[in-house]
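Below is one structure, written out as structure tokens; the observations come after it.
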Amino acid sequence: MARREVKRVNGELFTMTYGALVAQLLEDYESDDEVNKQLDKMGYNIGVRMVDDFIANTNTERCGSFKETCTTLAKEGFRMFLGVTATISNWTADDKECTLTIDDNPLVAFVELPDEHRELNYCNMYCGAIRGALELLQYRTRVTMTKDVLKGDKDTQLTITLLEVLDDVPPPED
Amino acid sequence: MAAVLKEQDDLLVPTLAVPTTPLVKVIGLHVGENEKHKVFWETLQKRVEQGETVVRYERCTPDTINFPPRKDKPQRQLGITEEDYIPPGIMKLNWPTKHALKIPAVLVVFIQLEWEAEDWEDKEQECAQLFESLRSARNNRSTRFVAILEQSKPQTSVPEETITRRAHTFRTACDLRHRSSLFTLDMPQGQIPTAVEKLDAIFFDLAQQHYSDEIKRVEAHMDIANQATEHMLFVRYLFKVGFFSELKGAHRDAISRYHRALEFLAKVGFTSARAREIKTVAGVLVARMCRCLFQTSAPLEAIAQFSAHVRANRLRLAPGEHPAVHAAWIAQQYATFASLFKDAVDGGLGAIMLQHPGLYFKFAAEFAVRRMTEAKKTQSHTPAPGPVAAETHTYIGQVVYTCEAASNAQQLQLIKWHEQQYPHASVVLQLLNAARTIFETYCVTKQPAVVNGQIVAREKKLTRMLTILDLQRAKFLVLQRNFADATTLARAAARAFRAGRWWSLLRDALLLHKQCAWALGATGAFCTTCIELCAPQIPLSAEDKTLAQSGIDDVVQGTHMDDSLSEDFPVAFGSAASDATTSSQDGGGGDRDQTDGGPQIDMASITPAVECKVLLYEPDPETDNRVRVCIAFRSSLPLPLRITNIAPALHIAVDGDGADDDGSTKPGTSDAPDLSISLSSTTALIPNSTKVVELWLATPPRLPSTAAVVCTHVRAAIVGTHPIALCWSTPDASMTTTTTTTTMPPPAQLTTTPWSALPSIPKTAFVPQRTGVRITHAHTPPAFVGERYRIAVTVANTKSSPTTDATFRVEAGGADGSPTTVDLLQVAVDGKTHTSSSDRLSAPLPDIQANASQTVMVDVLVNAVGHLAITTRLEYTFMGVECVAQHSLSLPIVTPLHTTFQLLDTQGESLDHEMSLPAGQDMCVGVQIETTQPERLVLVDAWLQLPWAAAVAKPLRLSACHEEIGAGERVSDLVRITLPPLVPGADPTTTALGTFHIKWRRATSTCDDGDGSSCVETTSTLPMVDIHPSTLDCRLHSPT
Amino acid sequence: MATTALKTTSLSAVEFLVAEICRGSKDIATTHDARYKHVEAIGYRTGLALFESHSACISEAKKNMRFQGELDVIKYLCKDMWQVIFQKQIDNLRTNHKGVYVLHDNQHPMLTHLPRTIPIDENVQLLLAYPCGVIKGGLAALGITASVSAEITALPACKFNLDVRRA
Amino acid sequence: MIYNFYLYNRQGVCLYQKDLKRGSKQQRSDTDKLLYGLLYSLKKFAEKISPNDKKRFRSYKTATYKLHCFETPTGLKFVMCTDLSVGNIDRDLEHIFAHIYVPHVVRNPLAELHVPMTPTTTMQPLPSSSSSSGKEEEASDAVTATQLQEQQVQAAAAASGFDAALSAFLSSLKYY
Amino acid sequence: MKISGVAIVGRQNEPLLLRTSEAQPPCEPIEHIIYAALDVVDDHALLSAKKSTPDALKFYLGALYPLEDGKCYGYLVNTKIKFFIITQSQAHSDQDVQSIFQQLHSEYVRMACSPFFKQDAPITSAKYVRFVDSLLASGS
């Protein structure tokens, strides 16, 4: 796949902006849970845009399978946008579920999670983004955070579950 | 300075401060009677004063001059080991003074003896005896003798040989063989000064020789002593040599000697018995060195030398040595050095901000403090020691309790006793004072300041260092029971720390302040500090906080306090009221007027432990025209606090000049608040939970429409027999105008909302413009041309009080006066309709109850493509104030239906206009209707009208009725018409073939009633034909 | 400094994030002012952190050196920091030497993807809340309190008005 | 020459369309729907019959015109009708996607994705515009003029950029 | 070198962190030392405002003033945060002290970059405090 040149910027900017966003949301919403939701939602909106941007830059042909798609997403997608690579592992037998591990998660650099926000999934935007991206690629999925560095795990892990393969909407019958 | 160091230390003072210049004594100088002598002596003094000579001159008589006896040492031969001879001490205490003050280097004797005196022999004998006695008294010290023979007439008049002869005999008689030991004074009075100059120089030389001899003598001893073993001796010798060299003025030599002395000293066995002595000696040596260094103006060396010395000995405790004693020693080292440094500075040496004597006084103080604490540790009331206490002061640094004489137990007891007697506090204090005075001179920096435009350097004191010193001083002032001064210092410090948010320091200052206030019985100050100590920011153990609060209770209850608070202060509290006066002077952070008897604590000027916020709500219906005030308290005190007489002071600020309004109504200022109330019931403040007191205040019946209520301050009193008023006031009144009532939590939730979320005083409320009514339109965009459009206007009273005499006005056109293409038809308020022809309508509205709403129907006729813009206003009275609510609506207007026509012949071929048709000929009109709207429309009816054709008077209906069409759909139909015969005399002009009418409605709106309320009729014209009366045919024209 | 530790991200990633922050502000705030404040606040935090971490080593030459005065700081903002944030420098800096600065950005990255023709309304203004916040926060980090406002001259050019409040 | 251009998303919404057949008066209203239906079934058909997994359907010809279709993995369909002379223009369609659609719509912070970009979206049926005046004020408030305008602006924002760039690009094509 | 105390002071000269080593605490309370030292820092700041020699603008202010048993060094960064190190025993090479300051600073920055970091509030981050204590412990 012929990759076009992508304009890159100092990673701190993204990390800090994201951090600022989370901090601000925590002030605006009562519960961590609401913040998680909001992050997921915003992530989705970003994801649906990212996927087009991604395809445009690395003119990818459609991936054959869900498995293939996830791998591309982890390898290429993360590299292009966040400059890190993620790894896909633990495929279930039916190839419907896998875990995505982000090696050095740029979002959590500097972050020290205060105790009063134990419920917060700091990186929840990932979930939304991945969900959004996959949905545009015809895969309706559930994405959840299973491991969080900020909560003492050694790395960040998401679980991606394929719920349904979408097809083009048929034209209205009339 | 030296005065500070008591006892043992004092003994050293002469040793340390002794002058080190050659000493010359003069005998037989009768200043009183002899004019010449007088001149002679005065000239000498003058030289001394003007520093032309370093020699010290002393007058004395043969019998007053007494050389200290030299005790004969056991003669030592070479090779004797130190077992045979251990000196009892290192250095004699009085030795330096002996040589500096007692033993002259030169002894000058004035003798009135003419060369040609008849009784020369007798006189010569007298002199011989005199010198004889002097010599014996001198007991073979190397002091030089000089004789000066006074001559009444100049020598030149005396025959040469007489002088030589007699001089010779005289020398031999008095044993003055030395060249410069015999002088004559024969010149007249006027020339004496020059002579003195010469003599002074000669004396100096002689002195030098004397001291060199002494040095040689001591060095001789050194040669036979054993370097390897007899360290103490060597220290002594080297010290002596050093000291003589100092007297000689050879500072560098002196320094090197002292240095070596130190080296030897280091080798001396450091036993608990000797420790004290060794360290003292070391101290003396270093002090002498530094002194020399300063004199040779090498301050940096001196400092380096000294700090090295301290570093070497800081932790040098002999086994069993009492730490207090050691601390004392270091303190003394610092003090000594400091004073040396100070002298040097006074002598013109330059010092800098970071290297000045003050620092060393400070350090001295630190160790004095340490000494005190160490002493306190072992403090148990020890009786005065027994007879052992007779102290021997022969050797430097030997005190009875360190010399072998006393047993350890005794030593300890003695030390304790000694430390017990010692006035630690005052010593520390003196050191600190000394430090501060010096700091003041050095803690000054140039700071650029902008004075009308240009930058100028202004001197600024770096006060922090001083503040710290003051804090410490305050501490010791307290120990000294000087509470008044302590208070001032502590309070000043507290202010500084509070401003800088240095809580831990603030705590220390406050604790001191509290102690003082307690001792002085300053109720206000005491309570203020207690309250502040309880503030959450102040780091203080729970117990201490509780203690602080109980202090307050004691005051307000007027109970006598136990001594639990601080060790042994007088129980000074009478009734609070009586102390109110004193407290107002020396009360803590700004007590204000004692209006209500007891003292008042202004919480704004301290870090409050009890916080107060005021929230004002807009008037409630239940409490007609009364402002609802919620006062929220939060106490950080460890125990519940009961307060009463809660009194907020409210002012009515009229917007615009609100600011200066508040300016004039700050708390404390005389003018009374516009609204005020005092709640006499008591309230208990539970620690760290928000307590809300709610009360209502009547506002004047008719306020100006821009009025706002402002709370400037709140007062409350701590419950008790001697109540203490607390006052929370606005930080600055200018803020009052800016705050708004938008983000106010409802009163019910106040206790639960986090404290930080509460808006704090000052707070404004009751801004009448803010109406309680909202207007909204219900409608379906877009509007279609030809529709009668009914807009449901909901007037909702969101407030909890009714709106009275409301009038509803509506006018065509946007609020911004944008044009509109509608006609207002009518306004319907529950059934009653109001119509008018103009483009504005108005209707009275019934009173709308709290939280109720009223719907008004506005009918408009949409008559052209463009905008449906109407503006609705509601004028009503609310809480006796006229209010207005306005809302404007703007929608696009479009034509929903497009109709196109085609003229066809019976075969359905479209007719072109070249073709002519005879009368009676049939033709068809094809109609096609379509809509662009998303909304589905129902064609109720559609017909052609051909006015010109008499034959077809009735309309020709279209079969395509009750068709429903939506976006993109089309309805088409054909109407067959027969071209009728022409109306006779019809005007041969072009006229319309006819008009086409569609009646339609929105699919959504039901049309059971036939009336046109929801059905709309749109008309369009058919193509044109023109008629020729000549021929009986008409020619069709394609539509223009 | 911590700066070296991080990788780079794609410019688009940041764009998407900021755009989404602006869009998402709808969910938190209703009025435009509130939305603007929300976005600005996020910018502010970002600015604080960003400058905190960069102010130590501007350039090797000036490593571990303090700024000398206000103008020095503003220049640093226009050159070094703008480079870090937007990969470009401010094109033109004006000041009246009384605490008012005007920073002209002839092609502001936040605006590059907008069509030239659209009307300048609240939504467009909202896009500039973020850079304003960043500037504000950054200056605050360096101990300068300033009011910052942006105005769009002609897309995609805009200028930032700084008004430094001097104590 | 190019007759017209369509852009669909997977939901079959015609995001954008452009007639370049000058002066053609035929009703566009339902052609886009028809066309989508056609594309849809063609695609399905192609997937069924294709021997290998190169399933993509590129273009078809009729006597009068040729239709080209480029579909992104995200289901965006870029469709262009040209005269018969035009060859394979996948590259151009892809260019439209990568260099016009993405920068002007995807990366346009104001653009709403997946809503038709025609400036006349004002008449889009709005969720709460069901004319029940009985509904709560809030509901009807949602349909105040300002909101309509906002939507218009955003759609226009998306459109105008894309529109301009597209027509510029098309006219640059030699077979224009 | 033996570090007996570390302090961080904020923009308004309010204390953010004061740590002393239990092993060998400084001779006087650290509050006293730092509070007084602020005077000298001010002096430096004023100086740098006046003349712009590169030295005057260095973060590293060198030894601020002598203590009874050591020195107090200062470090003033662009963000107006002040770092202090209190050492025991007098003589140290500026490089050593400076490097410690740089560690302190960069760690501080890491902490300050955390989205949950509170400006101008006393430092609570356990991570940072642990780091400082490690400095204090490594006295040699």
Side-chain angles (χ1 to χ4, degrees), chain A residues 4-29 34-35 37-54 56-58 77-85 103-107 109-111 125 128-129 132, chain C residues 1-29 34-35 37-54 80-88 109-110 112-113 129-131 133-134 137-138 141:
Chain A
R4 298 205 181 79
E5 205 31 67
V6 183
K7 235 182 149 197
R8 307 204 65 80
V9 309
N10 179 335
E12 261 181 348
L13 187 58
F14 187 87
T15 311
M16 288 170 176
T17 312
Y18 183 77
L21 168 66
V22 179
Q24 189 61 36
L25 289 180
L26 283 171
E27 284 185 8
D28 292 336
Y29 288 104
E34 287 177 65
V35 176
K37 283 201 189 66
Q38 181 65 11
L39 284 175
D40 181 85
K41 177 181 164 199
M42 297 174 85
Y44 178 86
N45 294 341
I46 293 178
V48 293
R49 287 170 186 263
M50 276 183 162
V51 67
D52 273 325
D53 190 39
F54 173 75
N57 280 296
T58 70
F78 271 83
R79 166 138 25 85
M80 172 175 150
F81 287 109
L82 297 184
V84 300
T85 54
D103 302 339
D104 51 0
N105 180 351
L107 289 193
F110 325 113
V111 180
M125 188 173 269
Chain C
M1 290 282 109
T3 63
T4 53
L6 270 181
K7 312 231 178 329
T8 64
T9 62
S10 76
L11 175 60
S12 56
V14 181
E15 283 176 10
F16 287 141
L17 181 59
V18 175
E20 184 54 34
I21 287 172
C22 295
R23 227 178 282 110
S25 64
K26 264 202 221 66
D27 307 340
I28 287 102
R35 289 180 62 185
K37 284 206 169 50
H38 171 80
V39 178
E40 194 186 32
I42 292 174
Y44 187 90
R45 286 173 184 274
T46 316
L48 274 179
L50 212 54
F51 279 56
E52 187 76 63
S53 72
H54 281 261
D80 310 82
M81 286 320 285
W82 219 254
Q83 194 67 48
V84 173
I85 306 166
F86 299 122
Q87 294 72 50
K88 73 191 286 300
M110 288 292 136
T112 37
H113 292 292
Y130 173 77
V134 171

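Here the structure is a predicted model, which means the values were calculated and not measured. So that the names make sense, note that chain A is the first sequence line, chain B the second, and so on, each numbered from 1.
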Non-hydrogen atoms of chain A under 4.5 Å away: do they reach the side chain of C:Y44, the backbone, both or neither?
neither
One pair to check against side chain to side chain contact (heavy atoms under 4.5 Å, CB included): A:T17 and C:I21. What are the steps and the verdict?
CA-CA 10 Å; A:T17 312; C:I21 287 172; 3.9 Å; yes
Does the side chain to side chain contact (heavy atoms under 4.5 Å, CB included) test come out yes or no for C:R23 and A:M42, once each step is laid out?
CA-CA 9 Å; C:R23 227 178 282 110; A:M42 297 174 85; over 6 Å; no
Checking side-chain contact (heavy atoms from CB on, under 4.5 Å) against C:T9, which of A:N10, A:T15, A:L82 comes through?
A:L82
If you tally heavy-atom pairs under 4.5 Å against chain C, which of A:D104, A:V84, A:N45 wins?
A:N45
Shortest non-hydrogen contact between C:G24 and A:Q38, atoms and distance
O-NE2, 3.9 Å
Distance col, row C:I28:CD1 vs A:D28:CG, nearest 0.5 angstrom, shows 5.5 Å
Results of side-chain hydrogen bond (donor to acceptor under 3.5 Å, both in side chains) for C:S12 - residues two or more places apart only:
A:D53, C:S10
Starting at CD of A:E34, measure out to CG of C:D27 and round the result to the nearest 0.5 Å.
11.5 Å
Least distance between heavy atoms, C:R45 atom then A:Q24 atom
NE-OE1, 3.5 Å
If you define the side chain from C-beta out and look only at heavy atoms, does anything of C:L17 sit under 4.5 Å from A:I46?
yes
May I ask you to decide whether A:K7 forms a salt bridge with C:E15, counting only side-chain N to carboxylate O separations under 4.0 Å?
no
Gap separating the CE atom of A:M16 from the CG atom of C:L50, nearest 0.5 angstrom
5.0 Å
If I measure from the heavy atoms of chain C, does A:Y18 come under 4.5 Å with its side chain, its backbone, both, or neither?
both
Smallest heavy-atom separation, A:L13 atom then C:I85 atom, equals CD2-O, 3.3 Å
Side chain / backbone / both / neither for C:E20 at chain A, heavy atoms under 4.5 Å:
both
